[in-house]
Amino acid sequence: MAVMLGMLGVFFLGIIVVLYLTLKKSKSFDEYAVGGRSFGPWFVAMSYVNSWWPGTVFISFAGLSVASGVFGFYGLAYSTLGLAAMYFIASRAWRWGKHYNLVTQPDLLRLRYGSKAVGVVTSIIGVIAILPWVILGMQALATVFSIASGGTWALPVCLLVGLATVLIRQIWTVRMGMRGLVYTDMYQGIVAYVIAAIVCVLLLVAPNSPANWSYLSEIPNQLLFLPGDGDSYGPLYMFSSVFTGVVGALCWPMSFVRIYTANNVKSVKKSTNYAMLIAGGFYALLTIVMLSAAHITGVAANPQAGWTTLIENYGGVWLLGLGLTMIFAGSIGHIDGSVQAAGTQIANDIVGSKIELSDVQKTIVSKGSMVLFIALAAVLAYFTNGMDRLQLLAQISYQAVVQISVPLFLGIFFKFGNKNGALAGMIVGFVVAAALTIAFPDDIPALGSITGGVVALFVNLFVYVAVSLLTTTPDAERTRVDELFDVARGGKRSTVTVGAAVPGMATAAKGESAACEAATSVATCEDAAATAMAESESEGLAASKAASIATAASSLREAAAASYARAGGAPAEASAS
């Protein structure tokens, strides 16, 4: 007991040390929410992985491999495919995020569709979908402290200790925001995924290991079949599980916001490649180890405790302590990221959509929301503890979050679709997913074991297309979207802002003999004017500040026109709103 609790304490002290060494007071909500967009690919990659695999991967997902055999590999399939898809979406999302100062996923959808309501609905769905994962994280922490205490602490005590640990950690999360999360994600990720992968390799190759790779030849036949291959499931269950995972992969608020923390597009793309390597390699090794350990009586009798049973049998109390530290590292990292994303969206996209909030007020609302969110998760974790097939909680959350995918994917890659279609599709899809999930928590047998979330997703898509076709999109909105896509492709600096069209900036014909110095001056003035006008029209900006920025923008346009004239070009003509 003392050894295991001591190891957990030393690891937690390391988190605090990292936070102290990297402490930097946030001067703006952008700094607080996305770390000032300043991180390189390895930091972003490990932050991705921490937001991807929670500590419960060693419990519920490891248990799934023991109980259901090769079906456990479905997590590997959807995680690698999902992160691969992130590669293609990330550059457009980052460019919009950088140009328009976006800090959340709903920010992006509000920008794309020019609608506050779209941002609010997206945020509500995201926050609801995050909650089951935080519940699983709290249960994983309770399991860690139960084992570390030698089973002498009752469940409520373990949950309270886990909650206290998270709240202590949250002191720095609420002070530092995303910057603190990214730095500690690297530290926690090395323990939870890199060292865990090394231990898995050791378990597989060590001659005296009870999970040596040679035991794979002794896997019972029933563990070699996928759902739908002669059992009670229909042929669409496996497809639904993987498809929902891949689509949902890009919809998670805590993963999506990692895009905005990168310092440039190159870092974003590299980070997705690195994340695939870390997340995929770790999960593949863990699944193979648990399959090799399926013959162990204690592991088979209690699959969800299979990881801790295995490493205790092989390495005794010290290896068990290390194994618990891995679960602890994964859990606290995932919980922190999830709670931070939920708090940021509540402040920025739900409360902030109704009330004009300054950066300071947004930060205060975000911090308060984090505390309430984690307290709610702890209470629900108590009442759902001991639930069979814990991974169902994760699967259910996917049924909800995938409903964001239709307006997100189509909105980023295609100009088709408007706010009416986005709103109607998400709302109808979420309601259908909730109804079907309540009626059929796992699958719908009559439909080939397809899951409720997939059915709802197709309903969502149909509604999105139909409503977008049946409702009118104004010409001004089409122009605004055209400018957005210019920015997404890395083209001209657009003057479009979140949720509104901005008056077009001045255009001028450049003379062929324009001097380089004048051209540079013009570019500088136009960029500054575009930024100022975007800020002046942004939602939630105080009227007095907007007026001063608009005045500055007007002066900059005049300076740009004068520079063009000096260069031999035509005077700029500002278009009216």
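Positions are given from 1 along the sequence. Treat the numbers as computed from the prediction; the structure is a model and nothing was measured.
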Next item on the list: May I have the step-by-step check of side chain to side chain contact (heavy atoms under 4.5 Å, CB included) for V44 and N263, ending in yes or no?
Entry: CA-CA 10 Å; V44 177; N263 52 17; over 6 Å; no
Next item on the list: For the pair W52 and L83, evaluate side chain to side chain contact (heavy atoms under 4.5 Å, CB included) and give the outcome as yes or no after the intermediate values.
Entry: CA-CA 10 Å; W52 196 269; L83 286 170; 4.1 Å; yes
Checklist line | Verdict with reasoning, Q340 to T344, per side-chain hydrogen bond (donor to acceptor under 3.5 Å, both in side chains) | finding: CA-CA 6 Å; Q340 195 271 349; T344 300; 3.3 Å; yes
Next item on the list: Test Y237 against D442 for side-chain hydrogen bond (donor to acceptor under 3.5 Å, both in side chains), laying out the working first.
Entry: CA-CA 9 Å; Y237 186 76; D442 196 358; 2.7 Å; yes
Note to self: With side chain to side chain contact (heavy atoms under 4.5 Å, CB included) as the criterion, how do I259 and Y48 come out once you've worked through the C-alpha distance, each side chain's angles and the decisive distance to 0.1 Å?
What the structure shows: CA-CA 9 Å; I259 295 173; Y48 268 142; 3.3 Å; yes
Notebook entry, point to check: Checking side chain to side chain contact (heavy atoms under 4.5 Å, CB included) for the pair I59/T56: CA distance, chi angles, key distance, verdict?
Noted result: CA-CA 5 Å; I59 300 173; T56 195; 4.2 Å; yes
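The closest side-chain heavy-atom distance from Y274 to K270 is below 4.5 Å. Inter-residue side-chain proximity for M138 and I335 is flagged as met; some heavy-atom pair is nearer than 4.5 Å. Side-chain contact between L461 and L410 is present, with at least one heavy-atom pair separated by less than 4.5 Å. Taking the side chain as every heavy atom from C-beta outward, V317 and E312 never approach each other to under 4.5 Å. At a threshold of 4.5 Å between non-hydrogen side-chain atoms, the residues L322 and L319 count as touching. Between V127 and F373, the closest side-chain pair of non-hydrogen atoms falls below 4.5 Å. A heavy-atom distance below 4.5 Å is found between the side chains of V455 and I444. Side-chain contact check for L108 versus L408: some heavy-atom pair is nearer than 4.5 Å.
Without hydrogens or angle criteria, T308 side chain to A305 main chain gives a donor-acceptor distance under 3.5 Å. At distances below 3.5 Å, not a single donor-acceptor pair connects side-chain atoms of Q345 with backbone N or O atoms of P106. Side chain of S449 to main chain of G234: a donor-acceptor pair is present (N/O by atom type, distance under 3.5 Å, no hydrogens or angles). In this structure, S331 contributes its side chain and I327 its backbone to a donor-acceptor pair below 3.5 Å. Of the possible polar contacts, one joining the N50 side chain to the D185 backbone as a donor-acceptor pair under 3.5 Å is found. Between the side chain of S68 and the backbone N or O of F71 there is no donor-acceptor pair closer than 3.5 Å. Put simply, the side chain of H334 gets close to the backbone of S51: a donor and an acceptor are under 3.5 Å apart.
Contact between G321 and M4 at its shortest, heavy atoms only, is CA-CG, 3.8 Å. Smallest separation of non-hydrogen atoms from V454 and Q399: N-OE1, 4.0 Å. Residue L204 comes nearest to A211 through the heavy atom pair CD2-O, 3.6 Å, listed as atom of the first residue, atom of the second, then distance. Of all the heavy atoms in R179 and S38, the pair that sits closest is NH2-OG, 3.4 Å. When all heavy atoms of M186 and W42 are compared, the closest pair comes out as CE-O, 3.4 Å. Taking each heavy atom of I311 and G323 in turn, the nearest pair found is CD1-CA, 3.4 Å.
Below 30°, between 30° and 60°, or above 60°: for F328 and F12 the angle between ring planes is above 60°, a perpendicular geometry.
Separation of atoms CG (D443) and CG (L236) is listed at 10.0 Å; rounding is to 0.5 Å. We find the CZ-CE distance between F73 and M238 to be 10.5 Å, quoted to the nearest 0.5 Å. From T272, atom OG1 reaches atom CD1 of I89 across 11.5 Å, with rounding to the nearest 0.5 Å. In this structure, OG on S91 lies 14.5 Å from NZ on K266, to the nearest 0.5 angstrom. With values rounded to the nearest 0.5 angstrom, I404 atom CD1 is found 4.5 Å from Q105 atom CD. Rounding to the nearest 0.5 angstrom, the gap separating the CE atom in M326 from the CH2 atom in W307 is 5.5 Å.
Pairs engaging residues 187-214 under the side-chain hydrogen bond (donor to acceptor under 3.5 Å, both in side chains) rule: N212-S214 [sequence neighbours left out]. For the salt bridge (charged side-chain N to carboxylate O under 4.0 Å, His left out) condition, no pair includes a residue of residues 213-236, sequence neighbours left out.
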Atom pairs and distances, side-chain donor-acceptor, residues 148-167, under 3.5 Å, sequence neighbours left out:
| unit_1 | atom_1 | unit_2 | atom_2 | d |
| --- | --- | --- | --- | --- |
| S149 | OG | F145 | O | 2.9 |
| S149 | OG | S146 | O | 2.9 |
| S149 | OG | W153 | N | 3.4 |
| T152 | OG1 | S149 | O | 2.7 |
| T165 | OG1 | V161 | O | 2.8 |

Acceptor/donor pairs from residues 278-302 side chains to any protein atom, 3.5 angstrom cut, sequence neighbours excluded:
| unit_1 | atom_1 | unit_2 | atom_2 | d |
| --- | --- | --- | --- | --- |
| Y283 | OH | G72 | O | 2.6 |
| T287 | OG1 | Y283 | O | 2.9 |
| S292 | OG | I288 | O | 3.0 |
| H295 | ND1 | S292 | O | 2.9 |
| H295 | NE2 | P210 | O | 3.3 |

Could you pull out all donor-acceptor pairs under 3.5 Å where a side-chain atom in residues 196-203 meets a protein atom, sequence neighbours excluded?
none

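Between Y78 and the choices F243, Y398, F61, the ring-ring contact (aromatic ring centres under 6.0 Å, His included) rule is met once, by Y398.
In the displayed structure, F88 atom CZ is contacted under 6.0 Å by at most 12 heavy atoms of other residues, nucleotides or ligands.
The side chain to side chain contact (heavy atoms under 4.5 Å, CB included) test applied to P207 returns no partner, not counting sequence neighbours.
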